[in-house]
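Presented below is the structure to which this report refers.
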Amino acid sequence: MTGSKELFLRYLGQTSPYPLGLEVARAEGCFLYDPNGKKYLDLISGFSVSNLGHCHPRIIAAITKQCGLYLHTMVYGELVQSPQVMYAKELIRNLPDSLNQVFFVNSGSEAVEGALKLAKRFTGRHGLVCFSNAYHGSTHGALSVMGNEMYKTAFRPLLPSVNILEFNNIDALSAISNDTAAVIIEPIQAEAGILAGEIKFFKALSKRCREVGALLLFDEIQTGFGRTGSLFAFEQTDIVPDILILAKALGGGMPLGAFIAGESIMKTLTHHPALGHITTFGGHPVCCAAGLAAIEVILEQNLCERARDVEKLIREKLRHQAILEIRGKGLLLAAKLDSEERVNQFFKLSLEHGLLFDFFLFCKDSIRIAPPLVITDQEAEEMCNLIIQTLDQTFS
Ligand code: PMP
């Protein structure tokens, strides 16, 4: 495998001038291993994908079994494919009655695109509302509802009629009007540095949407599947969205996205025009089989409660003079450090100390702490110690 980083830089389109560039030989549980066998504790879980850690045996078994039956057969929505049907049924079983149909796609961004289109089609309106420092994906529609101009300017024109409101500001909600098709929001803004919405804000938001007939879309792409201490974070907000958007952990490590709504909303994609959203690989049977196995393990092993327990352990053990605050819920946490420079130093030292770390998009003074939910107490203590040792070295 020698020379792989050089070939990675030569042959792959790059997303930034400073990729992590660590070569992965294998990954298991909470650790990734490089070709020399050095292990790295995963602080980010692939940005909330690997809730069951890497290569969980139940997920691997489900993938292997499905690979022996069939891979892709036909575009989404035509053939009855048991992994899709069984997974949709299991998702719906765990959701309120009003969320009762699943539309599978490939990724988070595509799920956001589908959900925005569905809201426009259902309401017959085109206004979109999003919030400051929101991240919903990188395709044109999803980028249009990003709450940060820096990443948008170069790609304009984007979708028209997008209104960006201040997160957690109830007064701002009066801007949601009779022209608004959809309000899209993350219950906890991940890339803003793990910023939770307040319950009174969500209640006011839901009320305002109902008053004007706008659909409320919850992007639970990072918060879903036990990460925040409940299966979905909306369960902690006292409200139920009209459309729930999922991806990342939805596929148990395989690429999968979904938007979930009530049948009366969802059925509008089937006529005027028919084929309102179509996707070749959406709901790939192998990805659905993997996702179904993952949710079964999350429920059987009560990993929602486990996320809350490990959060307590981290809040107890992770103390350091450079840490000013720990924000978040469950295992979607951010430690605010005493300066942005400290975060940069931490980043530079993290691989050397056996930690896999990456930055928040919109929050430069905090470090992300989002390990797999299957992390043991011993591994969580090891993680806290490694963070503390790395922070210590930033003082030397
Ligand atoms: N919404 C949120 C909250 C996300 O964190 C992400 C991905 N980081 C997306 C949407 C987009 O998902 P994807 O990268 O699968 O398109």
Side-chain angles (χ1 to χ4, degrees), residues 13 15-16 20 42-51 103-117 119 128-148 151-152 155 158-159 162 164 167 182-197 216-228 232-234 237 241 243-260 277 279 281-284 287-288 290-291 294 328-334 357-363 366 368-370:
T15 57
S16 84
L20 271 171
D42 191 351
L43 270 186
I44 48 183
S45 305
F47 297 86
S48 301
V49 169
S50 317
N51 285 8
F103 196 119
F104 283 117
V105 292
N106 293 279
S107 68
S109 296
E110 193 193 354
V112 168
E113 299 291 338
L116 293 175
K117 284 170 63 187
L128 301 174
V129 168
C130 59
F131 292 88
S132 48
N133 281 337
Y135 182 78
H136 298 293
S138 205
T139 52
H140 270 86
L143 190 62
S144 302
V145 288
M146 183 191 275
N148 185 295
Y151 292 100
K152 296 165 84 166
F155 304 106
L158 295 169
L159 286 179
V162 173
I164 303 174
F167 191 67
V183 178
I184 183 165
I185 190 164
E186 300 153 86
I188 299 180
Q189 289 193 320
E191 294 311 314
I194 318 295
L195 216 60
L216 180 53
L217 282 46
F218 262 32
D219 176 342
E220 291 234 31
I221 288 171
Q222 282 212 39
T223 53
F225 298 94
R227 181 141 295 276
T228 70
F232 300 105
F234 79 80
T237 65
I243 305 180
L244 179 65
I245 306 172
L246 303 173
K248 296 205 189 265
L250 173 73
M254 297 293 280
L256 189 63
F259 51 99
I260 302 181
H277 188 79
T279 171
F281 286 123
H284 192 287
C287 305
C288 285
K329 284 184 187 161
L331 288 178
L332 192 62
L333 300 173
F357 164 76
D358 211 346
F359 293 99
F360 290 113
L361 266 182
F362 311 132
C363 175
S366 301
R368 187 189 310 261
I369 304 173

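One-based numbering, in listed order, for ligands and for the atoms of each.
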remark   = Sequence neighbours excluded, the answer for side chain to side chain contact (heavy atoms under 4.5 Å, CB included) partners of Ser366 is Arg327, Ala334, Lys336, Phe360, Cys363
ask   = Asn106: what forms a side chain to side chain contact (heavy atoms under 4.5 Å, CB included) with it, not counting sequence neighbours?
value = Glu110, Thr279, Phe281
ask   = For the residue pair Ile164 and Met146, what are the closest heavy atoms and their distance?
value = CD1-O, 3.8 Å
Check each N or O atom of ligand 1 against all protein N or O atoms and list the pairs under 3.5 Å, with atom names and distances to 0.1 Å, one per line.
residue: ligand 1; atom: 1 (N); partner: Tyr135; partner atom: O; Å: 3.3
residue: ligand 1; atom: 1 (N); partner: Asp219; partner atom: OD1; Å: 3.4
residue: ligand 1; atom: 1 (N); partner: Asp219; partner atom: OD2; Å: 2.7
residue: ligand 1; atom: 5 (O); partner: Gln222; partner atom: NE2; Å: 2.8
residue: ligand 1; atom: 8 (N); partner: Lys248; partner atom: NZ; Å: 2.8
residue: ligand 1; atom: 15 (O); partner: Gly108; partner atom: N; Å: 2.9
residue: ligand 1; atom: 16 (O); partner: Ser109; partner atom: N; Å: 2.7
residue: ligand 1; atom: 16 (O); partner: Ser109; partner atom: OG; Å: 2.6

inquiry  = Going by side chain to side chain contact (heavy atoms under 4.5 Å, CB included), Lys329 matches just one of Thr228, Ile194, Thr223. Which one?
reply    = Thr228
key: All side chain to side chain contact (heavy atoms under 4.5 Å, CB included) counterparts of Leu361, not counting sequence neighbours   = Tyr135, Tyr151, Glu191
inquiry  = Quick check: Phe232 with Phe225 (ring centres under 6.0 Å apart)?
reply    = yes
